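To start, the structure under review is shown below, and the notes come after it.
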Amino acid sequence: MDEINDIYEKLGGVISKDDFTRKVEEKVEQMSGLCDTRTAAMLVAHDLGVSDTGGEQQIQRISEITPNSGNVKLIAKVMTVYPAKEFNRNDGTVGRVANLIVADETGSIRLTLWDDRADLVKSGEIEIGQTFQIAGYVKEGYSGVEVNVGNNGVFCESDEKVEARIESKQIKDITNGMGDINLRARVLDISDIRTFNKRDGSTGKVANLLIGDETGKIRVTLWDELTDFTQQVEVDDSVEIINAYARENNFNQQVEMQVGNRGTIKKIEEEVEFKESFTPISDIIPGESYSISGQVSGLGEIREFNRDDGTVNMVSNIYVSDDTGRIRIALWGDHALLVDELDIDTNIDIIDAYSKSGFNDEIELSAGNRTRINIH
DNA sequence: CCCCCCCC
């Protein structure tokens, strides 16, 4: 309460102490709890024409925040809200912590709220899209630079208009281990939702999207409730992903993006461009994923076979030629049926097929369930 | 945390 007194002192008696206190309480009320008393007092003082009440530090642009920024004041919009967590302090009290991603016109940053402020997250009072006046201290956190709002900080809803800019990564710049990835991309392929058993015995859900931008494409894995998104989106829609992380898979060491319970994905109106890049057939080497474009130059029969695990599958083989060469393509599963629709010279694109050294040591492409085939 | 490069 001392600091409120200090603020009152600066008013030079333009209002009685009681009136001031009442106005401060009203202000807190107006902000429906999303404002602390000290900030409310400064706002009241400001309303009364007195702006020199202390905390008039320069508003910091998010892009200019560095680990050494110290105490900062910013106005930013909530982009992501993570669930609050509780922990036990050494003194026996229960601490609370919650993280947000907030953004202004220049970029986005992680905000860590402690205790009373974290409770605002827990009670659902903080929503995506709200704008806040924030004062806190900067430190290097677990996943990069973050602004911490403790008991001496300010976290107060603001009616300032903030045109939030999410700093978008380009797909080509995504590397293994990267966190807090935001990007906009175009949906190229959508998987079914699969269920699996977690180690703890519960059932998990997983689904994938293949997305692309002007710089490349990448596979995205969605977990649990987020898998529902695959039902709401179509190929060629554009999406924005906030707070994903990148990991190498242990199958073919490809870097993939994961969107877990800390991340979000949504459709956006803006169209992200993507252009498939096709490899000349003569450039294909074994052990990579390729897309090729050419004409059908050979057609085989559909064959059924038993896999080692006893399941039945089918395969057919076709040949495709372009200006540089000719290659055999094994069409697996449902793709095998395509031979019935194809004629010699049909224009065909085989997208994301895996190359390997096959029959007679010749290089061939495998068109499996992640391969897309367009006939035109 | 899941899946996947399987035929003759």
Side-chain angles (χ1 to χ4, degrees), chain A residues 83 176-177 179 187-211 217-231 241 243-263 265 279 284-292 298-320 326-340 342 350-373:
Chain A
N176 187 26
V187 175
L188 308 177
D189 197 23
I190 304 166
S191 82
D192 292 334
I193 299 173
R194 304 179 295 279
T195 57
F196 65 97
N197 298 315
K198 296 186 187 181
R199 269 178 218 147
D200 65 6
S202 63
T203 304
K205 287 195 290 180
V206 62
N208 298 98
L209 296 176
L210 182 72
I211 59 169
K217 56 188 169 187
I218 194 165
R219 188 165 180 253
V220 179
T221 301
L222 305 172
W223 299 98
D224 297 322
E225 317 85 74
L226 281 165
T227 56
D228 293 346
F229 185 72
T230 57
Q231 318 276 64
I241 295 174
N243 263 296
Y245 54 97
R247 294 284 178 279
E248 223 172 56
N249 68 24
N250 43 24
F251 173 67
N252 58 3
Q253 285 63 251
Q254 293 285 309
V255 175
E256 302 182 343
M257 274 171 58
Q258 312 272 333
V259 188
N261 56 10
R262 312 177 113 242
I265 181 165
T279 302
I284 294 174
I285 57 167
E288 303 276 336
S289 186
Y290 290 102
S291 302
I292 62 164
L299 286 166
E301 302 280 302
I302 298 173
R303 184 168 40 245
E304 277 194 352
F305 67 96
N306 296 307
R307 280 185 285 214
D308 287 348
D309 66 1
T311 58
V312 179
N313 197 7
M314 56 187 171
V315 63
S316 64
N317 290 290
I318 63 168
Y319 282 85
V320 172
R326 183 168 186 253
I327 194 167
R328 189 156 76 115
I329 324 273
L331 305 174
W332 301 99
D334 288 343
H335 286 317
L337 301 169
L338 207 62
V339 286
D340 294 336
L342 295 174
I350 312 271
I351 297 164
D352 293 335
Y354 187 78
S355 64
K356 61 176 186 176
S357 189
F359 200 55
N360 285 341
D361 282 338
E362 282 173 28
I363 298 176
E364 64 178 42
L365 288 177
S366 259
N369 61 2
R370 288 186 200 168
T371 304
R372 280 147 292 134
I373 299 175

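The shown structure was predicted, so the numbers you read here are calculated from the model rather than taken from an experiment.
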Checklist entry - Got a sec: does the CG of A:D308 have more than 12 other heavy atoms crowding it under 6.0 Å? => result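 Open: at most 12 neighbouring heavy atoms sit under 6.0 Å from CG of A:D308.
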
Item to check | Under 4.0 Å protein heavy-atom contact, by nucleotide of nucleotides 2-7 of chain B - B base, S sugar-phosphate only | outcome: BBBBBB

Item to check | Partner residues of A:R372 under the salt bridge (Lys or Arg N to Asp or Glu O under 4.0 Å) criterion, sequence neighbours left out | outcome: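 So A:R372 forms a salt bridge (Lys or Arg N to Asp or Glu O under 4.0 Å) with A:D189, A:D352.
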
Item to check | A:W332/A:F305 aromatic ring centres below 6.0 Å | outcome: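 Between A:W332 and A:F305, the centre distance is under 6.0 Å.
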
Next on the checklist: If I compare all heavy atoms of A:I302 with all of A:S316, which pair ends up nearest, and what's the gap?
Outcome noted: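 In terms of heavy atoms, the two residues are closest at CA-CB, 4.0 Å.
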
Item to check | Under 3.5 Å donor-acceptor, A:H335 side chain and A:G368 backbone | outcome: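 Checking the backbone N and O of A:G368 against the side chain of A:H335, a donor-acceptor pair under 3.5 Å is found.
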
